[in-house]
Amino acid sequence: MTADLVQASWTRIDAWLREHAPRTFATLRPPAGDDEIAAAQEELGVTFPPDLVASLLRHNGALEGPEAFRFSTGDRLLGVSGILGDTGFMRGIDQGLDGETEGYWLHDYVKFGSYDVTSDGLLTDCRTGRDSFGAIGRFFDETGTSFGEADSLGEYLAELAGKLERGHDAGVVTFNGRLFWEGPLPARPQCSADEPLPGPDEQLPELDLSYSPTDLLHVSHLDGHEELGALIAILPHERVVDAARKQLRRLAVETGLNNYPEVKAALDAWERGVAPPQPDQTGPLALRLRAVLAQADTDRDSIRRWVAEKIALGIWGSPYRSVCESAEIRSHFTVDWRADLHADLGNPPLPPIPDDRFWGALRNPAIDSSWYAAQYAQDRS
């Protein structure tokens, strides 16, 4: 029976999370009660597939927040109250349409996974008497509902357990006791050291050379990095500068730009503590990076363009901004970018995931947290 498959799959998932991602495991809630599940079916006027009932009897959803257990689609597991709220919301959307549309949302669809920031999420078909009863689909705001995820929640959970057990090959990453899902990585660009350097008069895109090492970094750049962002904000300046150098070198190596002698020489000099040359569109490094911009534009390769821009930012700009943006671009090329960034920062203990109060109390002259500080001052008064 597929309900037995649900239990077996949750046993595998729980065991894996307990060992590899205990903070994520801790967000899975205890079982729902039989009466609670029965009341939800009555309120929605549907019959839950046995697999959904079996899953709720194992975990009544996952707690909200950045540490929440999420499926590989990015959807948080919903409990009974979340199922009622999200399914009711979707029915409200449906009432605004001209009649039911099977490709969008039907009354007997029930949502059990939520993307949270949008109405996207996982659903099961609760139309009894149909071959599709219990099938798993996904709803997207812009395109509606599509099926094909799995024929049952038991199959879907079994596939999820297999992904966790395969690890990196299935996009599974753990960091600081948490589970992350990473998408497939693109092929890394290839660069040849034999490519001639363009002349100063050649028509090429210009680099943004308005950066300064003293530029303020807005706290929003750090907030997206969660506990790593908080760590960057509180470390000594020289530690951040060192991490920025290491992250930029990793980025240059991973994308092949380190093969260009102009880029390698600039990074070598920076690591030795030699001050970079004054920004100049016709200097060797700038010409090389401008040539990369031109090739990226020809190939419509936005990531390669971003890499060239980040090299310029790293050499001539704020180390705080550089370390953040290098890590963001590196996430396109390696699933281990979080661990690498933590290592480059010296592997100190990680602070909790920051909240508005953390940013409001922050006093770092290199970081603009003024909005949060004003809110914090209001709260304290």
Side-chain angles (χ1 to χ4, degrees), residues 23-24 26-27 62-68 70 74 76 82 85-86 89 114-120 141 175-178 180 208-248 251 279 306 309-310 312-331 337-338 340-342 344-381:
R23 290 173 63 189
T24 299
T27 69
L63 299 174
E64 295 185 53
E67 300 179 10
R70 293 182 179 274
R76 178 176 57 87
D86 278 39
F89 176 79
S114 175
Y115 201 64
D116 286 338
V117 294
T118 69
S119 58
D120 298 354
D141 270 336
F175 176 73
N176 196 27
R178 299 168 60 195
F180 296 89
D208 181 358
L209 297 180
S210 62
Y211 306 119
S212 166
T214 58
D215 288 340
L216 284 180
L217 177 72
H218 193 272
V219 75
S220 59
H221 289 272
L222 294 165
D223 198 19
H225 291 302
E226 300 180 327
E227 62 262 58
L228 283 168
L231 181 61
I232 292 168
I234 62 177
L235 283 177
H237 178 268
E238 57 272 16
R239 183 81 64 83
V240 176
V241 171
D242 185 54
R245 290 170 178 155
K246 292 176 178 176
Q247 282 285 299
L248 198 63
L251 179 63
W306 294 338
E309 292 170 343
K310 300 321 170 194
L313 166 64
I315 295 296
W316 289 298
S318 157
Y320 286 88
R321 182 175 172 186
S322 176
V323 74
C324 291
E325 297 195 11
S326 292
E328 289 169 10
I329 299 299
R330 290 191 63 243
S331 70
W337 65 271
R338 295 177 187 85
D340 290 341
L341 176 56
H342 190 207
D344 290 348
L345 291 166
N347 278 326
L350 285 161
I353 296 174
D355 56 13
D356 290 357
R357 184 176 295 274
F358 172 90
W359 297 121
L362 180 69
R363 295 294 179 267
N364 185 329
I367 298 170
D368 177 10
S369 58
S370 56
W371 185 88
Y372 291 94
Q375 297 301 310
Y376 182 54
Q378 282 185 357
D379 292 342
R380 294 185 66 184
S381 63

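This one's a predicted model, so the numbers in the text were calculated from it and none came from an experiment.
- Judged by distance alone, with hydrogens and angles left aside, the side-chain atoms of Asp368 form a donor-acceptor pair with the main-chain N or O of Ser370 at under 3.5 Å.
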Using the rule given for side chain to side chain contact (heavy atoms under 4.5 Å, CB included), can you reason through Phe358 versus Ile234, listing the C-alpha separation, both sets of side-chain angles and the distance that settles it, and then say yes or no? CA-CA 11 Å; Phe358 172 90; Ile234 62 177; 3.8 Å; yes
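- Of the inter-residue distances, the one linking Leu235 atom CG with Asn364 atom CG reads 10.0 Å to the nearest 0.5 angstrom.
- Put simply, CG on Leu345 and CG on Leu341 are 4.5 Å apart, with the number rounded to the nearest 0.5 Å.
- A salt bridge links Asp116 to Arg70: one of the charged nitrogens lies within less than 4.0 Å of a carboxylate oxygen.
- A distance of 6.0 Å separates OG in Ser318 from CG in Leu217, rounded to the nearest 0.5 Å.
- A donor-acceptor pair under 3.5 Å is absent between the side-chain atoms of Ser326 and the main chain of Val323, judged by distance alone.
- In plain terms, the two heavy atoms of Gly314 and Ser322 that are nearest each other are CA-OG, 3.3 Å.
- One distance of note links CG of Asp141 with CG of Asp120; it measures 4.5 Å at 0.5 Å rounding.
- Here the shortest heavy-atom pairing between Asp344 and Ala243 reads O-CB, 3.5 Å.
- Between Leu228 and Leu350, the closest side-chain pair of non-hydrogen atoms falls below 4.5 Å.
- A 4.5 Å side-chain heavy-atom check between Arg338 and Arg178 finds every atom pair outside the cut-off.
- No donor-acceptor pair under 3.5 Å is formed between the side chain of Asp242 and the backbone N or O of Arg239.
- Between the CZ atom of Arg76 and the CD atom of Glu64 there is a distance of 4.0 Å, given to the nearest 0.5 Å.
- Residues Pro319 and Val241 share a closest heavy-atom pair of CG-CG2, 3.8 Å.
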Apply the test side chain to side chain contact (heavy atoms under 4.5 Å, CB included) to residues Trp359 and Asp223: give CA-CA distance (whole Å), side-chain angles for both, the deciding distance (0.1 Å), then the verdict.
CA-CA 9 Å; Trp359 297 121; Asp223 198 19; 3.3 Å; yes
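- With a 4.5 Å cut-off on side-chain heavy atoms, Ser369 and His218 do not count as touching.
- Contact detail for Ser210 and Asp215: the closest heavy-atom pair is O-OD2, 4.4 Å.
- With Arg23 contributing its side chain and Glu67 its backbone, the two residues share no donor-acceptor pair below 3.5 Å.
- In this structure the side chain of Leu313 reaches within 4.5 angstrom of the side chain of Glu325, judged on heavy atoms.
- Counting heavy atoms from C-beta outward, Val219 and Tyr372 have side chains that approach closer than 4.5 Å.
- Note that CD1 of Ile232 and SG of Cys324 are 4.5 Å apart. Values are rounded to the nearest 0.5 Å.
- When all heavy atoms are compared, the tightest approach of Leu222 to Ala233 is CD1-CB, 4.1 Å.
- We find that Asp340 and Arg330 are joined by a salt bridge, their nearest charged nitrogen and carboxylate oxygen being less than 4.0 Å apart.
- Residue Phe175 places its CZ atom among more than 12 non-hydrogen atoms of other residues, nucleotides or ligands, all under 6.0 Å distant.
- Relative orientation of the His225 and Trp337 rings is perpendicular, given thresholds of 30° and 60° on the angle between their planes.
- Contact annotation: the side chain of Glu328 never approaches that of Trp306 to less than 4.5 Å [non-hydrogen atoms, C-beta and beyond].
- Pro66 and Ile353 make their closest contact through CG-CD1, 3.7 Å (heavy atoms, listed as atom of the first residue, atom of the second, distance).
- In this model, a donor atom of one side chain and an acceptor atom of the other lie less than 3.5 Å apart for Asn176 and Glu227.
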